[in-house]
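One-based numbering, in listed order, for ligands and for the atoms of each.
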Amino acid sequence: MLRVALAYSGGLDTTVAIKWLEEKYGAEVITVTVDVGQEENFKEIEEKAYRSGAVKHVFIDAKKRFAEEYVSGAVMANALYEGVYPLSSALSRPLIAEEVAKVALREGCEAVAHGCTGKGNDQLRFDTTFSAVAPELKIIAPVREWNMNRDDEIEYALQHGLPVNPRKSRFSVDENLWGRSIEAAELEDPWTEPPEEAFKLVRPIRETPDKPAELTIRFEEGVPRSLNGETLELVDLIKRLNKIGGEHGFGVLDHIEDRVVGIKSREVYEAPAALILVTAHMDLEKMVLGRRFLSFKRDVDKLWAELVYEGLWFNPLKKALDAFILESQRGLTGEVRLRLYKGRLAILGRRAEKPLYAKEMITYSRESLFDQKAGEGFSRIWSIETYLAALVEKKRREDIKAS
Ligand code: ARG
């Protein structure tokens with residue numbers, strides 16, 4: 001009998017998948033639920049798995065690993081796909097897939113399975129991770145194979161007496177510590193404004209406090225370590241920022257996203273902590289890194305975000321970028337001060353332990369240590385290329401006139 005480890009979220013797709021794997025492959029299904037900070041009732045998910053026919057259920061709390069190994073990397077890389085999306089779902093997939101593969105190997109399974117569709121990015125993230133971690137296992141993706149839509153799935157679930165609740169939400173939601181993505185229903189019309197009930201973390205502006213919140217975030221070697229003077233585990237720091245940001249109406253994103261398969265998707269996210277931390281971290285980098293270093297790093301950051309988005313977490317190129325990014329963060333210790341108010345985030349100040357910023361140089365006061373006389377020669381040489389080009393141009397005009 002085929003033994004399969006299935007990445008199980010408790011949602012419609014994966015619940016239907018349990019039964020379908022049993023029917024189609026005669027499989028014994030081991031469900032694996034990985035906690036990456038989604039607010040779910042994991043006891044209920046376990047019961048649901050057994051009621052749908054799982055022979056065994058495994059729960060893994062991976063919140064700490066997710067924060068320390070995945071989210072901290074994203075902060076150091078200022079990871080924003082297409083300049084906006086902090087990669088919440090994308091970052092969690094390699095970790096979830098790895099945990100599922102480990103269970104599969106431990107439990108003597110011949111296959112792993114996931115509930116991703118054939119037109120999304122998540123399938124790539126799962127499949128590449130499986131092929132990196134356990135290439136000997138067969139990969140089954142029921143949703144891709146059966147080509148059912150949401151309505152077919154609901155019908156199948158009802159026919160087979162599966163414990164699904166199609167009326168729970170009309171949206172397709174994916175959630176973890178780093179953010180929440182909301183898709184489907186009326187959001188598929190890019191002209192329609194997301195309704196308030198789509199959101200869970202971020203309050204509408206009219207319900208936000210009239211008193212602003214001020215935050216001081218301390219980074220150590222690029223990783224956020226404390227909030228308003230209190231040292232916190234990264235998991236707790238992120239949870240707090242999600243709460244404070246959300247209360248002040250900050251952290252919603254709505255954009256047209258380019259999927260790897262080539263189609264565009266209207267994506268709505270809530271990610272207060274991610275957006276606060278990346279904004280603060282980028283600001284601190286400007287205090288510490290030189291001009292060329294910064295511009296090169298911005299290119300590396302962009303590539304890093306693209307690779308992670310595209311499911312290439314285990315690709316050697318991504319590993320090489322990690323090495324550069326880690327090296328770049330050695331001087332990244334310092335603090336950033338911010339204010340949250342009525343849906344807006346403002347940076348109020350920053351200080352670093354090893355800043356390249358030197359007030360003695362930039363000051364307009366008498367104390368300035370900058371020798372302005374040196375500017376004269378520098379500026380003359382700086383002008384040479386432009387001067388020569390202008391000369392050539394002038395000469396050309398004179399030649400034309402003379403002819
Ligand atoms: N578009 C986002 C991404 O590709 C979100 C995906 C959310 N996944 C989901 N199964 N609902 O990262």
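Protein heavy atom at the shortest distance from atom 12 (O) of ligand 1 is Tyr85 OH, 2.6 Å. Scanning all protein heavy atoms for the shortest distance to atom 1 (N) of ligand 1 gives Glu257 OE2, 2.8 Å. The protein heavy-atom contact nearest to atom 11 (N) of ligand 1 is Glu183 OE1, 3.3 Å. Scanning the protein heavy atoms around atom 4 (O) of ligand 1, the nearest turns out to be Asn121 ND2, 2.8 Å. Atom 10 (N) of ligand 1 has its closest protein heavy atom at Asp122 OD2, 3.1 Å.
Within the structure, the closest approach of Arg93 to ligand 1 falls below 4.0 Å when heavy atoms are considered. The shell of residues lying under 4.0 angstrom from ligand 1, judged by heavy atoms, includes Arg125.
Below 4.0 Å from some heavy atom of Ser181 lie the following atoms of ligand 1, by number and element: 5 (C), 7 (C).
Here the straight-line distance linking atom NZ of Lys19 with atom CG of Leu162 works out to 6.5 Å at 0.5 Å rounding.
Ring planes of Tyr8 and His57: perpendicular class, angle over 60° (limits at 30 and 60°). Taking the six-membered ring where tryptophan is involved, the planes of Tyr269 and Tyr85 are essentially parallel, since the angle between them stays under 30° and well short of 60°.
Comment: Glu196 does not engage Arg203 in a salt bridge, judged by the lack of any side-chain N to carboxylate O separation of less than 4.0 angstrom.
Considering backbone and side-chain atoms alike, Tyr269 places an N or O below 3.5 Å from some N or O of ligand 1. The shortest N/O to N/O separation between Ser89 and ligand 1 does not fall below 3.5 Å.
Annotation: Phe42, atom CZ; neighbour count of heavy atoms from other residues, nucleotides and ligands within 6.0 Å is above 12. Counting non-hydrogen atoms of other residues, nucleotides and ligands closer than 6.0 Å to CD of Glu136 gives a total above 12.
Of the candidates Glu197, Glu183, Glu188, Arg170 forms a salt bridge (charged side-chain N to carboxylate O under 4.0 Å, His left out) with just one, namely Glu197.
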